[in-house]
Number of protein chains: 2
Amino acid sequence: MAKVDTSLVAHLPLFSGVKPEDLDEVLREARSVRYPRNAAIFEQGADAQSFFLLLHGHVRAAKTTPTGEQIVVRYVAPGETFGLAMAIGAAHYPATAMAVDDSVVLIWPNSAWPRLIERFPALAANTMQTVGKRLQESHTRILEMSTQQVEQRVAHALLRLANQSGKKLDHGIEIDFPISRQDIAQMTGTTLHTVSRILSGWESQGLVESGRQRIILREPHKIVVLAERSPDGGAA
Amino acid sequence: MAKVDTSLVAHLPLFSGVKPEDLDEVLREARSVRYPRNAAIFEQGADAQSFFLLLHGHVRAAKTTPTGEQIVVRYVAPGETFGLAMAIGAAHYPATAMAVDDSVVLIWPNSAWPRLIERFPALAANTMQTVGKRLQESHTRILEMSTQQVEQRVAHALLRLANQSGKKLDHGIEIDFPISRQDIAQMTGTTLHTVSRILSGWESQGLVESGRQRIILREPHKIVVLAERSPDGGAA
DNA sequence: CGGGCAGTTTGCGATAGCGCAAAAAAGCAC
DNA sequence: GTGCTTTTTTGCGCTATCGCAAACTGCCCG
């Protein structure tokens, strides 16, 4: 088990309010594990035995229906926690987590949680905020799915990804991990065909440049306009 | 400010782990307020100054888009908390709460929260579980909106309402508060017209009996079948 | 270097559900 | 009871989006 440099994680929201000199005490209980691209970290329905903090890479959390359809719950960016089943009182993971890129993850056993939050109450408070924020994001997503058309939802999804995991380029923003049309469809509640058509359209207008599991927003500002325009509005 | 009988709330999930004899100390900080039907309790975007526990009645939490469209986030049943903006670190209420029935609500000032959770850590843990459960429900809702057709989503919504706030009848279950077609549309991401058509259809098959803001599930079991059947399946 | 596979594009017909409009019904106020 | 408001019902055309099928492309593997 490699030792993790406290200075690398001290600034994370999870540890805000924890004194840097105490951080080692928290990290000591975790182990660091590397997952290669496409490796499963945990499966939906499995006993929740650990909780996680992503250090490097990107992780996709997805939920599967009994009939096998999937939705992407979210993409986890470095510095974010995931698999918090223990904290929210779930005995099993409600989703599947998989590394979409080579990733490094800190893993705590659930058994460490009660002790940690007793010793560092800020951890509990920070986690509460995180979960609360995710709840609000979920509600926003439901609102969008209820009131917007597919093109707007795709625009929003890409903008969020760009915001969370965008790599700035000379001209545009590239989403910094492999993501397919299918993935975007599963984030927005549509089909990969429809996503492909939309991106093709945007590409021919120069708004994006994209290829196999790769998307660059060339005109983020114009995509913002797309995302916000009302169902009928605009294109005369 | 009327005194609240501790025995009435002692069994609520919120207070699990709090000793009954300590409960009075928690309740002392709250005031009890009655809201008549259709009264607003708080508005989306307003400064979050309090958090709430519903004692009697029913409350509708709804989110509004900039363009005025609404979705119902959830219906609050007696014994449930709502308006937890403080706990999740939000400065403003992310939704509007309104009494759909004459309701009685316990109200704590946000300023009491830090003290309460310090004194009774179980409150924080219970709230975390509650928020976590709501997050999971949100994800389930997103999954349904992504993968199911409207009729199935309406079936699921009604079954949940029946489960949460159903009054058992000789033959069937009645949803125990006024709810319109529009409300159901806003819970399922469709239009009141479509909901009306669906309920009309069900009514003619004897599955439900409904009227103005009133729905009785006459054949809950058959509605379960509807909710679960695959898009194509069944009706020959 | 030649498959072969996973991911993408595109055409085309089908349709679920929307949106508008108008009428019917159910409460409620006076 | 009468009139008014709110909610519900229903008809009808429209279209955004799906679903299937097929072709295309860039890549990884051997």
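So that the names make sense, note that chain A is the first sequence line, chain B the second, and so on, each numbered from 1. If you're wondering where the values come from, they're calculated on a predicted model, not measured in any experiment.
Helix bend of the helix from C/dC1-D/dG30 to C/dC30-D/dG1: the angle between its two end axes, each built from five pairs, comes to 50° after rounding to 10°.
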Under 3.5 Å, side-chain donor or acceptor atoms of residues 44-54 of chain B against the rest of the protein: list the pairs with distances, not counting sequence neighbours.
unit_1 : atom_1 : unit_2 : atom_2 : d
B/Q44  : OE1    : B/T64  : N      : 2.8
B/Q44  : NE2    : B/T64  : O      : 3.2
B/D47  : OD1    : B/H92  : ND1    : 3.2

B/I215/B/R181 under side chain to side chain contact (heavy atoms under 4.5 Å, CB included): CA gap, chis, key distance, verdict: CA-CA 10 Å; B/I215 301 178; B/R181 307 291 185 263; 4.1 Å; yes
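Contact annotation: B/Q149 reaches the phosphate of C/dG17 (side-chain N/O to OP1 or OP2, under 4.0 Å). At the phosphate of D/dT9, OP1 or OP2 sits under 4.0 Å from a side-chain N or O atom of B/S196.
In this structure, A/D183 places its CG atom 11 Å from C1' of C/dG7, rounding to the nearest Å. Between the CD1 atom of A/I215 and the P atom of C/dT8 there is a distance of 8 Å, rounded to whole Å. Taking atom CZ on A/R181 and atom C1' on C/dT10, their separation rounds to 13 Å, with Å as the unit.
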N/O contacts under 3.5 Å, protein versus nucleotides 18-23 of chain C?
unit_1 : atom_1 : unit_2 : atom_2 : d
C/dC18 : OP1    : B/T190 : OG1    : 2.9
C/dC18 : OP2    : B/T190 : OG1    : 2.7
C/dC18 : OP2    : B/T191 : OG1    : 3.3
C/dC18 : OP2    : B/T194 : OG1    : 2.3
C/dG19 : O6     : B/R197 : NH2    : 2.9
C/dA21 : N6     : B/H193 : ND1    : 3.4

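For B/R218, the salt bridge (charged side-chain N to carboxylate O under 4.0 Å, His left out) test picks out B/E209, with sequence neighbours left out. Contacts of B/R74 classified as side-chain contact (heavy atoms from CB on, under 4.5 Å), with partners at least two apart in sequence or in another chain: B/A61, B/V76, B/E80, B/F82, B/R134.
Between B/S180 and B/Q182, the side chains place no donor N or O within less than 3.5 Å of an acceptor N or O (distance only, hydrogens not considered). Side-chain contact, B/E219 with B/W202: no donor N or O sits under 3.5 Å from an acceptor N or O.
Within residues 200-213 of chain A, the residues having any heavy atom closer than 4.0 Å to DNA chain D are, in order of number, A/R212.
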